[in-house]
Each structure stands twice: as C-alpha cells, then as structure tokens.
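Notes for the one structure printed next.
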Amino acid sequence: MKLPFRRACLALTLSVAVAGGVAAPANAGLQAPVAQPRGVEDFSGYFPQVSCSPVLQPGVVKFRNLALRTYQRGHDGGITRSCVQGGLSEHKEGRAWDWMLDVGNRRDRRVANNFLSWLTAKGRDGEAGYQARRLGVMYVIWNRRIWSAYRSGEGWRPYSGYSPHTDHIHVSFNWAGARGRTSFWTGRVAGTDYGRCSLFAGQPAVLASRTRSAACPSPSRLVRRSSRATEQLGSTDSVAMKLAQSRLGIARTGQFDTATWTAVKRYQRRNDLPLTGALDQPTWTSMLPRFRTWQATRGF
C-alpha cells in the first residue's frame, strides 16, 4: 500500500486544480521558441473588438499551431468570424482562437486543464498569471468559467454567455499578443499596445497595423450622416450592397463579401477617408451624392 500512497502524494504536489475538476501537472505547457527574459509583461488590460478585420493575426496563428503540436489533442475551431455574427468578439479582429476540446471526454478535459493550469500559474519569482502575461492573453473561457488577466485577482469566475464553452477553450489576446510581439515569442518584454482607434464616435476603428503605445484620443463627433446604416463584412442587406457595389464598380452580388471589403478599402484610400473597411458614415456620405440620379431611376 505504500507505493500507491507515495504516488498519490507526488501527484498532489505536482498538480493545480482548475475549472473542470481534473488535477493537472504544474509543468505541463507550451515551450517558448526563444530564451525568456527575467522580466515579464504587465497583466493585460481589456481591449475589446473595435474594428471589422477578420484577418489572421500572426501571434494567434503561432499559438494555435504550437498548442495543437504540443498536446496532440483537439482541433482548430477557427480564429476569424464574420463581422456581423453575434456581438463583440476578438474573432472579428483575428485576435481569438477556439480550441475544440470536449469537457465530456476525459482525455480532452485533462489536456484542457493541464494547459490552463500552466497558463494561469505563478512564475519562477511568484508572478501571478505568468504565461498568460508572456503570451498577451486577455482572457480564456472553458466549461462555464472565465479567467481574465484584467481581473486576475478574482481567479476563475462563473461564465454565463451564449455558449457554455464545454466543447472548446476560447482564448482572446491583446494586441501585442495577437501580433506576436510579446516576450514568449521575441525574448523581449513588450509594452502595452493599445491597438486601433476610432476617428469618429460610433464608427469602426481604422485598420492600423502599427503598435500604439498611447491610449486612443477621444473620437470626433460626426458632422454628416447618411440615410444608410453602417455595414460591415458579412452583411446581407442586398439593396445597400448593390448600391455600394455599383459605385465601387464591382459585381453586384448583394453581399458584403471579401471582394467588396477589398473594394471599400481601395475607395477609402483614394478618397482620403478613414481606412475602416466598412461602409461607415464617412464612406456612405462620400458615395451617396453621386448616386442621386442612379437611385431615382432604380427606386432606391
């Protein structure tokens, strides 16, 4: 009976309990590709989705590939999402990943809890949420619970969103993490990247790719509004889309597809408009005066 007792003690010593109820080895985790510096990033603040840009961010792609390669379990549930699907989501900026693991499967559950224990555990000098800070993780959701870097002192909290996240781990990144500029990937501690800013109140942010080391200034008030609602990639308002597509000189599909998104950005660059990739109010007010005759003859 002594050997099983010793094994039980060893397992208890080397484990950390997380949401889901299965103990996991504290040393289970991802291997950084470069030597890690002595310092570590601050806890991430909350940087919600502000733009429409479902483009794969490099840091998220590297994280996804490393996680799947390391654990050899689960599958890719996607990084990007339509800009009109659901509410706020970092998926719409390529800053989130869904790792498909089933809480009802013992092996999946163990992998999930191993990873989450490693992600939120203390570092070598007692720094809380050590690896989450190194990766620029903003929050994670799994099995009806959420851990947020910006509320790390509260630990795992109940989560009651539209999905219980029992079939996947959701991982959202701040901008430095999404862009792959944190110390986990570079070996250098990254400062805060405040991401993208809206130039006009209530409008999508500009699709800037550079690091922003200062908080966004207050957006300006819109001087002009059109009769059209702001539309983003994924919209199915066929009347509005055909109107815009005719102005843009592209096929009138009636869908805000990727070809339309590309054409909108091209139009915005040519007309010195905020580069949002959306049919926002500045873009509509630029387009619509040129369509008065066209609209009248076609019933718009």
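If you're wondering where the values come from, they're calculated on a predicted model, not measured in any experiment. Numbers here simply count residues along the sequence, with the first being 1.
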Next on the checklist: Determine whether a donor-acceptor pair (N or O, by modelled atom type, separation under 3.5 Å) exists between the side chain of Trp147 and the backbone of Val140.
Outcome noted: no

Checklist entry - Do the non-hydrogen side-chain atoms of Leu68 and Arg64 ever get within less than 4.5 Å of each other? => result yes

Next on the checklist: Just verifying a value: how many Å separate Ser286 OG and Leu279 CG, rounded to the nearest 0.5 Å?
Outcome noted: 11.0 Å

Next on the checklist: With clusters defined by side-chain heavy atoms of hydrophobic residues (ILVMFWY) lying less than 4.5 Å apart, directly or transitively, does Leu119 cluster with Leu101?
Outcome noted: yes

Checklist outcome for this item: Residues Leu233 and Thr258: closest non-hydrogen pair is CD1-N, 3.9 Å

Checklist entry - Mind checking whether Phe173 and Phe63 have ring centres under 6.0 Å apart? => result yes

Next on the checklist: Would you say Ser246 and Arg252 are linked by a side-chain donor-acceptor pair, where the criterion is simply a distance under 3.5 Å?
Outcome noted: yes

Checklist entry - Can you tell me how far the CG atom of Asn65 sits from the OG1 atom of Thr70, to the nearest 0.5 Å? => result 10.0 Å

Next on the checklist: Rounded to the nearest 0.5 Å, what separates atom OH in Tyr130 from atom CD in Gln36?
Outcome noted: 6.5 Å

Checklist entry - Do you see a donor-acceptor pair shorter than 3.5 Å between the side chains of Glu93 and Ser53? => result no

Checklist entry - What about Val61 and Tyr71, same hydrophobic cluster or not, with Ile/Leu/Val/Met/Phe/Trp/Tyr joined at side-chain heavy-atom distances under 4.5 Å? => result yes

Item to check | Donor-acceptor contact below 3.5 Å, side chain Arg179 vs main chain Arg210 | outcome: yes

Checklist entry - Would a distance-only check, ignoring hydrogens and angles, find a side-chain to backbone donor-acceptor pair under 3.5 Å from Arg151 to Arg157? => result no

Checklist entry - How are the rings of His168 and His170 set to each other: parallel, tilted or perpendicular (split at 30° and 60°)? => result perpendicular

Item to check | Phe115 backbone acceptor or donor facing Gln131 side chain under 3.5 Å | outcome: no

Checklist entry - CZ/Arg145 to CG/Leu116 distance, rounded to the nearest 0.5 angstrom? => result 12.0 Å

Checklist entry - Of the non-hydrogen atoms in Ile146 and Pro158, which two are nearest, and what is the gap between them? => result CG2-O, 4.1 Å

Next on the checklist: I need the minimum non-hydrogen distance between Pro204 and Ala278, along with the two atoms involved.
Outcome noted: CG-CB, 3.9 Å

Next on the checklist: So if I apply the side-chain contact (heavy atoms from CB on, under 4.5 Å) rule between Val50 and each of Gln203, Arg196, Lys92, which one comes out positive?
Outcome noted: Arg196

Checklist entry - Which residues satisfy the side chain to side chain donor-acceptor pair (under 3.5 Å) test with Arg38, sequence neighbours excluded? => result Asp125

Checklist entry - Hey, any chance Val171 and Tyr159 share a hydrophobic cluster, counting ILVMFWY side chains that come within less than 4.5 Å of each other, even indirectly? => result no

Checklist entry - Any donor and acceptor pair, going by atom type alone, linking the side chain of Ser89 with main-chain N or O of His91 inside 3.5 Å? => result yes

Next on the checklist: I'd like to know whether Thr80 forms a side-chain contact (heavy atoms from CB on, under 4.5 Å) with Leu56, so could you lay out the CA-CA distance, the side-chain angles of the two residues, the decisive distance to 0.1 Å, and finally the verdict.
Outcome noted: CA-CA 7 Å; Thr80 61; Leu56 301 177; 3.8 Å; yes

Item to check | Sequence neighbours excluded - disulfide bond (SG atoms under 2.5 Å apart) pairs with any residue from residues 33-73 | outcome: Cys52-Cys83

Next on the checklist: Tell me whether Trp99 contacts the main-chain N or O of Arg73 through its side chain, where contact means a donor paired with an acceptor under 3.5 Å.
Outcome noted: yes

Checklist entry - Does any N or O in the side chain of Ser226 come within less than 3.5 Å of the main-chain N or O of Gln281, such that one atom is a donor and the other an acceptor? => result no

Next on the checklist: Apply side-chain contact (heavy atoms from CB on, under 4.5 Å) to residues Arg134 and Leu30 and explain how you reach the verdict.
Outcome noted: CA-CA 11 Å; Arg134 284 229 181 273; Leu30 307 180; over 6 Å; no

Next on the checklist: Using the rule given for side-chain contact (heavy atoms from CB on, under 4.5 Å), can you reason through Met241 versus Gln255, listing the C-alpha separation, both sets of side-chain angles and the distance that settles it, and then say yes or no?
Outcome noted: CA-CA 6 Å; Met241 289 306 102; Gln255 306 286 322; 5.6 Å; no

Checklist entry - Should Leu248 and Leu275 be regarded as members of a common hydrophobic cluster, given that ILVMFWY residues are connected when their side-chain heavy atoms come within less than 4.5 Å of each other, either directly or indirectly? => result no

Item to check | Residue pair Ile169 / Ala112: nearest heavy atoms and the distance that separates them | outcome: CD1-CB, 3.7 Å

Checklist entry - If you measure from CD on Glu231 to OG1 on Thr236, what distance do you get to the nearest 0.5 Å? => result 8.5 Å

Item to check | Minimum side-chain heavy-atom gap Asn143-Trp156 below 4.5 Å | outcome: no

Checklist entry - So, does Trp284 use its side chain to make a donor-acceptor pair with the main chain of Thr230 at under 3.5 Å? => result no

Checklist entry - Does a sphere of radius 6.0 Å around CZ in Arg188 hold more than 12 heavy atoms from other residues, nucleotides or ligands, not counting ones at 6.0 Å or beyond? => result no

Next on the checklist: Could you check whether any side-chain heavy atom of Trp97 comes within less than 4.5 Å of a side-chain heavy atom of Asp76, counting everything from C-beta outward?
Outcome noted: yes

Checklist entry - Donor-acceptor pair, Glu41 side chain versus Gly136 backbone, under 3.5 Å? => result no

Checklist entry - Which heavy atom in Ser51 sits nearest to a heavy atom in Ala205, and how many Å separate them? => result CB-O, 3.8 Å

Next on the checklist: If you define the side chain from C-beta out and look only at heavy atoms, does anything of Asp280 sit under 4.5 Å from Phe200?
Outcome noted: no

Checklist entry - Taking the inter-plane angle between the rings of His165 and Tyr162 on a 0 to 90° scale, is it parallel (under 30°), tilted (30 to 60°) or perpendicular (over 60°)? => result perpendicular

Next on the checklist: Applying a strict under-4.5 Å side-chain criterion to I, L, V, M, F, W and Y, I'd like to know whether Leu243 and Trp261 cluster together.
Outcome noted: yes

Checklist entry - Does atom CD of Gln72 have more than 12 heavy-atom neighbours from other groups under 6.0 Å away? => result yes

Checklist outcome for this item: For residues 211-224, the side chain to side chain donor-acceptor pair (under 3.5 Å) pairs (sequence neighbours left out) are Arg181-Thr211

Checklist entry - If you measure only the distance, is there a donor-acceptor pair under 3.5 Å linking the side chains of Gln245 and Thr253? => result yes

Checklist entry - Are any side-chain N or O atoms of Asp102 and backbone N or O atoms of Gly104, one a donor and one an acceptor, separated by less than 3.5 Å? => result yes

Checklist entry - What are the two closest heavy atoms between Asp237 and Ser235, and how far apart are they? => result N-OG, 3.3 Å

Next on the checklist: With a 4.5 Å cut-off on side-chain heavy atoms, are Tyr150 and Tyr139 touching?
Outcome noted: yes

Checklist entry - Hey, mind stepping through Met100 and Asp167 against side-chain contact (heavy atoms from CB on, under 4.5 Å) and telling me if it holds? => result CA-CA 6 Å; Met100 306 309 292; Asp167 61 353; 4.1 Å; yes

Next on the checklist: Is the shortest side-chain heavy-atom distance between Trp175 and Thr192 below 4.5 Å?
Outcome noted: no

Next on the checklist: Between Thr186 and Val34, is there a side-chain heavy-atom distance shorter than 4.5 Å?
Outcome noted: no

Item to check | Atom pair CE/OH of Met138 and Tyr46 - distance to nearest 0.5 Å | outcome: 6.0 Å

Next on the checklist: Do Arg228 and Val239 make a side-chain contact, defined as non-hydrogen atoms from C-beta onward lying under 4.5 Å apart?
Outcome noted: yes

